Amino acid sequence: MKVKKFIAPTMPEAMNQVKKELGESAIILDSREIKTSRFFGLFGKRNIEVLAAVDPQPTRNRNAVRSKKETANHATKRSNHVKSVQKTKTSEEKVSARLSLSNEYPHPVESTLQRLRQNGIDEDTRANVLQTLLSTYYKKDEEMTESELLDVTKEFFKKEMSPYIQGTAKQSKHLYILGPTGVGKTTTIAKMAANDKMKYSKDIAFITLDTYRIAAIEQLKTYAKILDIPIEVAYNAEDLEAAKDKFEDKDLIYIDTAGRNYMKNEYIHQLKDMAKFKEQDQLICVLSLTSKEDDMNMIYHQFSELPVDTVIFTKADETSTYGQIFNLWKKHRFDILALTNGQDVPNDLLDVDEEVLARIMVGEKLW
Ligand SMILES: Nc1nc2c(ncn2[C@@H]2O[C@H](COP(=O)(O)OP(=O)(O)O)[C@@H](O)[C@H]2O)c(=O)[nH]1
Ligand SMILES: [Mg+2]
């Protein structure tokens, strides 16, 4: 990475110099207004100092170009606020000193990126994080440690995701739990219902549409018995309406559905015909973190025919990478209701907030 300082009377002139010398892919690391003293501090002239960098490696250049504009805007804004400072010879030298000899990014930046890569965070997001890390790193006068940069990275994820995290709040009385076979739909219903009932004193009922397998009915009936929750089995749309009417005075009704190969559209249509979803229903898609990211993406996409807007991720204990959560979320912007991390009912259910998700995204082990 080549880092260079430019001084010009105005920001546009400085940017022209940057472009001419470092090319279109240069990134602005910092900018400020400086006062150059000519003669015993007299006749001082105001100038703009811009610290810019370019990476000779093509992939990095691509990343830099993507957010160059944002950084430049940010830098311009900042230059309006920064106090005039005496010109010193230090900044360029400091920056060079901080760069590792191998022409790579500074070591703590590299290792933070490496963590994200190992956790499965996609390249596009890593490029955005890199931008944030570099500008924070070079604006500080002292060296930043990896742990400080991790905090910056967590803030990045927190800020992105916080408006989409639901925590325990359910938006509706009728909660349809949908998803592929064996992802943990029924188990997760039992966990959530137990929590809602015991922790939050909610009055709960179960309805199951999963009449495809006898064992599936028995499974939910067993949980209903243990938790002392009433249950109805619905074989068709009329049964479902009757069951919903019966439980009209309940606080929350969990509606279990059959796991199907939802890559096939016909199953989506079957579900639509049977459930006749209403606007006020909450449709929750359950996805297992042990599935391939492309498959999860495809399934969620298939569900876009239905008013699905919430996801629960299961089997977090059976994987070692979690970046796929963010990668998928970025594509679909769903609400995240919970994460499950084991077979134990009701304990292995993790309420998520932005703090928890940010920690998971940087690869912290929470269980
Ligand atoms: N390791 C692990 N297993 C889970 C989790 N959630 C569910 N399971 C297991 O996954 C299997 C299928 O669960 P089930 O609720 O029947 O899935 P469904 O077909 O989607 O209703 C069962 O053996 C569950 O105990 C989880 O978070 N972690
Ligand atoms: Mg089930």
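Remember, it's 1-based here, ligands and their atoms both numbered in the order they're listed. What's counted below: heavy atoms across the whole structure, side chains too, no hydrogens, waters or symmetry copies. Positions are given from 1 along the sequence. All values reported here derive from a predicted model rather than from experimental measurement.
Residue contact annotation: Gly342 has a non-hydrogen atom under 4.0 Å from ligand 1. Distances from ligand 1 to the non-hydrogen atoms of Gly259 include no value under 4.0 Å. Distances from ligand 1 to the non-hydrogen atoms of Asp348 include no value under 4.0 Å.
Only the side chain of Asp317 comes within 4.0 Å of ligand 1, counting heavy atoms alone; its backbone N, CA, C and O stay farther away.
The atoms of ligand 1 that sit less than 4.0 Å from any heavy atom of Gly182 are 12 (C), 17 (O), 18 (P), 19 (O), 20 (O). For ligand 1 and Thr186, the ligand atoms under 4.0 Å from any heavy atom of the residue are 15 (O), 21 (O). For ligand 1, the atoms sitting less than 4.0 Å from at least one non-hydrogen atom of Thr187 are 7 (C), 13 (O), 14 (P), 15 (O), 24 (C), numbered in the order shown with element in parentheses. Atoms of ligand 1 found under 4.0 Å from any heavy atom of Thr340, numbered from 1 in the order shown, are 26 (C), 27 (O).
With hydrogens left out, the protein atom closest to atom 17 (O) of ligand 1 is Gly184 N, 3.0 Å, a heavy atom. Considering only non-hydrogen protein atoms, atom 11 (C) of ligand 1 sits nearest to Lys315 NZ, 4.1 Å.
Nearest heavy-atom pair across Leu349 and Asn341 is N-OD1, 3.9 Å. When all heavy atoms are compared, the tightest approach of Ala190 to Val345 is CB-CG1, 3.8 Å. Among all heavy-atom pairs drawn from Asp122 and Lys330, the shortest one is OD1-NZ, 3.2 Å.
Checked by distance only, ligand 1 and Glu318 come closer than 3.5 Å through their nitrogen or oxygen atoms. Here's the thing with Gln219: one of its N/O atoms is less than 3.5 angstrom from an N/O atom of ligand 1. Taking only nitrogen or oxygen atoms, main chain and side chain alike, Ala316 does not reach within less than 3.5 Å of ligand 1. Distances between N or O atoms of Thr188 and those of ligand 1 include no value under 3.5 Å. At a 3.5 angstrom cut-off on N or O pairs, Arg213 does not count as close to ligand 1.
Nearest-residue assignment for atom 9 (C) of ligand 1 (options Gln343, Lys185, Lys191; heavy-atom criterion): Gln343.
For the pair Lys159 and Phe156, the cation-pi criterion (under 6.0 Å, within 45° of the ring axis) is not fulfilled.
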(request) Please lay out, stage by stage, how Asp256 and Leu209 fare under the test side chain to side chain contact (heavy atoms under 4.5 Å, CB included). (result) CA-CA 6 Å; Asp256 199 6; Leu209 310 184; over 6 Å; no
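Taking 2.8 Å as the criterion, Thr187 does not count as a coordinating residue of the Mg ion (ligand 2), since none of its N, O or S atoms falls below it.
A salt bridge is absent between Lys244 and Glu232; no separation between the charged side-chain nitrogens and carboxylate oxygens falls under 4.0 Å. A salt bridge does not link Glu354 with Lys158: every distance from a Lys NZ or Arg NE/NH1/NH2 to an Asp or Glu carboxylate oxygen is 4.0 Å or more. Ionic pairing of Lys154 and Asp151 is present here: one or more N-O contacts between side-chain nitrogen and carboxylate oxygen are shorter than 4.0 angstrom.
Using a 4.5 Å cut-off on side-chain heavy atoms (C-beta onward), Ile229 and Lys197 make contact. Looking only at side-chain heavy atoms (C-beta outward), Val362 and Asn119 stay at 4.5 Å or farther from each other.
A donor-acceptor pair under 3.5 Å links the side-chain atoms of Lys173 to the main chain of Lys250, judged by distance alone.
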